[in-house]
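These notes concern the structure reproduced below.
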Protein chains: 2
Amino acid sequence: MMRISEAAQHSGLSSKMIRHYEDVGLIQPAARTEAGYRQYSPAQLDQLGFIRHARSLGFSIAQIRDLLQLRDNPRRASREVKQLAQKHLQELDQQMLALKKMQAMLEDLVARCAGDDSPDCVIIDELSDSGETGNE
Amino acid sequence: MMRISEAAQHSGLSSKMIRHYEDVGLIQPAARTEAGYRQYSPAQLDQLGFIRHARSLGFSIAQIRDLLQLRDNPRRASREVKQLAQKHLQELDQQMLALKKMQAMLEDLVARCAGDDSPDCVIIDELSDSGETGNE
DNA sequence: CTTGACCTTACCACTATGGGAAGGTTCAAA
DNA sequence: TTTGAACCTTCCCATAGTGGTAAGGTCAAG
């Protein structure tokens, strides 16, 4: 059994976040010592590691909740896991698209801005324009 | 002079957000009618439009605050504007990079997951792994 | 016994946005 | 004139994820 700071180090999460995940019901409340200190079993350490991995792939807490359920269900169909992952991939795609649009527009503006001592600036001008930005 | 809902429609922002921008000091407090209703001048409408454009390019409130200052400074150097924009471009790049990493890892997992009725699932397996995720 | 390093809970902050409640205003129609 | 719809106001709450801090308890070493 490990205390929370050890569990944090071990899993790559912060103590803060581990408590938070418990608060929001992502993980079961940890066992406590008589003094009220949280204690983590190896199984829970695994779970925390799982969470960190999933977070690093950008899964939301809600999605991780589902993933954990699937993980702990020996009769799961990998189809369900895959679908969850694919849904997240779509979200990542949308975010990429949004970023790309911004990038393209901003790069265009930057390229057309002299960037010298003069106050004339396409960036300011186009942002001031009442026209559209290219977003739908 | 327009009321807030008209200013919202005109600028593409929501009334909610216009009030919020006033709260956080992004825009000057609007004039008020005797009854306390906010009133927006054409100049303020321009400013609101500017804010919407900048937001659509992903600039943060803090960055827009700087942009507005530059916009309202007739002795600005376009260099400053360009630098601000370039800094934001870098941020966009970093976000893109992060997304791409996630995407690549997740795509790999998804490709290797059968997605059938069997419980065997690489996604679950790799997330459960105590090893690294590829992030530094 | 004291000190330092931990632990606990309970707040507040951030970014940007939305929702809603409770109450006031304006204007037009009945 | 009254009433009702459609506004407006402020204030609080929620989202998602993370960090910080403060006030207090615990534990082990010196």
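Below, chains carry the letters A, B, ... as their sequence lines are ordered, and counting in each starts from 1. Computation of the quantities below employed the complete heavy-atom set of this structure, encompassing side-chain atoms and omitting hydrogens, waters and symmetry-equivalent molecules.
Rounded to an integer number of Å, the gap from CG of A:Asp23 to C1' of D:dT18 is 13 Å. Residue B:Leu13 contributes atom CG, which lies 14 Å from atom C1' of C:dG18 at whole-angstrom precision. The distance between atom CD1 of B:Ile51 and atom P of C:dT15, rounded to the nearest whole Å, is 15 Å. Atom CZ in A:Arg65 sits roughly 11 Å away from atom P in D:dT15 (whole-Å rounding). The nearest whole Å value for the distance from the CD1 atom in A:Ile18 to the P atom in D:dG17 is 16 Å. Between B:Ile4 atom CD1 and C:dT25 atom C1' the separation is 15 Å, expressed in whole Å. One can place CZ of B:Arg19 at 13 Å from P of C:dG19, the figure rounded to the nearest angstrom. Taking atom NE2 on B:His88 and atom P on C:dT15, their separation rounds to 15 Å, with Å as the unit.
Side-chain contact between A:His10 and A:Leu48 is absent, with no heavy atoms from C-beta onward closer than 4.5 Å. Contact of the A:Glu80 side chain with the A:Asn73 side chain is not registered, since no non-hydrogen atoms from C-beta on lie closer than 4.5 Å. Side-chain contact between B:Arg38 and B:Glu22 is present, with at least one heavy-atom pair separated by less than 4.5 Å.
Scanning atom types as modelled, one donor and one acceptor separated by under 3.5 angstrom connect the side chain of B:Lys16 and the base of C:dG20. In terms of polar N and O atoms assigned as donor or acceptor, the side chain of A:Tyr21 never comes within less than 3.5 Å of the base of D:dG17 in a complementary pairing.
Proximity of B:Thr33 to the phosphate of C:dT25: no side-chain N or O atom is located under 4.0 Å from OP1 or OP2. Between B:Arg32 and D:dT10, a side-chain N or O to OP1/OP2 separation shorter than 4.0 Å is present.
For A:Arg38, whose side chain is taken as the heavy atoms from C-beta onward, the closest listed nucleotide among D:dG17, C:dT9, D:dC8 is C:dT9. Side-chain proximity of B:Tyr37 to C:dT26, C:dA16, D:dG19: nearest is C:dT26. Proximity note for B:Met17 (side chain, C-beta onward) versus C:dT17, D:dT10, C:dC7: the nearest is C:dT17. Closest to the side chain of A:Arg55, out of C:dT17, C:dG18, D:dG17, is D:dG17. Of all nucleotides listed (D:dC27, C:dG18, C:dT25), C:dT25 comes nearest to the side chain of B:Ala35.
The residues B:Asp108 and B:Arg112 are annotated as salt-bridged, a charged nitrogen and a carboxylate oxygen being separated by less than 4.0 angstrom.
Residue pairs satisfying the salt bridge (charged side-chain N to carboxylate O under 4.0 Å, His left out) criterion with at least one member in residues 54-68 of chain A, sequence neighbours excluded, are absent.
At the heavy-atom level, B:Ser14 lies under 4.0 Å from the strands shown only through sugar-phosphate atoms. Across all strands, A:Arg3 comes closer than 4.0 Å only to sugar-phosphate atoms, never to a base (heavy-atom distances). Within 4.0 Å (heavy atoms only), A:Ser60 reaches sugar-phosphate atoms of the nucleic acid but no base atom.
Note on A:Leu70 and A:Leu89: same hydrophobic cluster, where clusters join Ile, Leu, Val, Met, Phe, Trp and Tyr whose side-chain heavy atoms are under 4.5 Å apart, directly or indirectly.
Among A:Leu84, A:Ile27, A:Leu57, A:Leu26, the one residue that satisfies the side chain to side chain contact (heavy atoms under 4.5 Å, CB included) test with A:Ile64 is A:Leu26.
An end-to-end axis angle of 40° holds for the helix from C:dC1-D:dG30 to C:dA30-D:dT1, taken from five base pairs per end and rounded to 10°.
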Q. A:Gln103 and B:Asp93: side chain to side chain contact (heavy atoms under 4.5 Å, CB included), yes or no, with the steps?
A. CA-CA 8 Å; A:Gln103 213 180 24; B:Asp93 252 350; 2.7 Å; yes

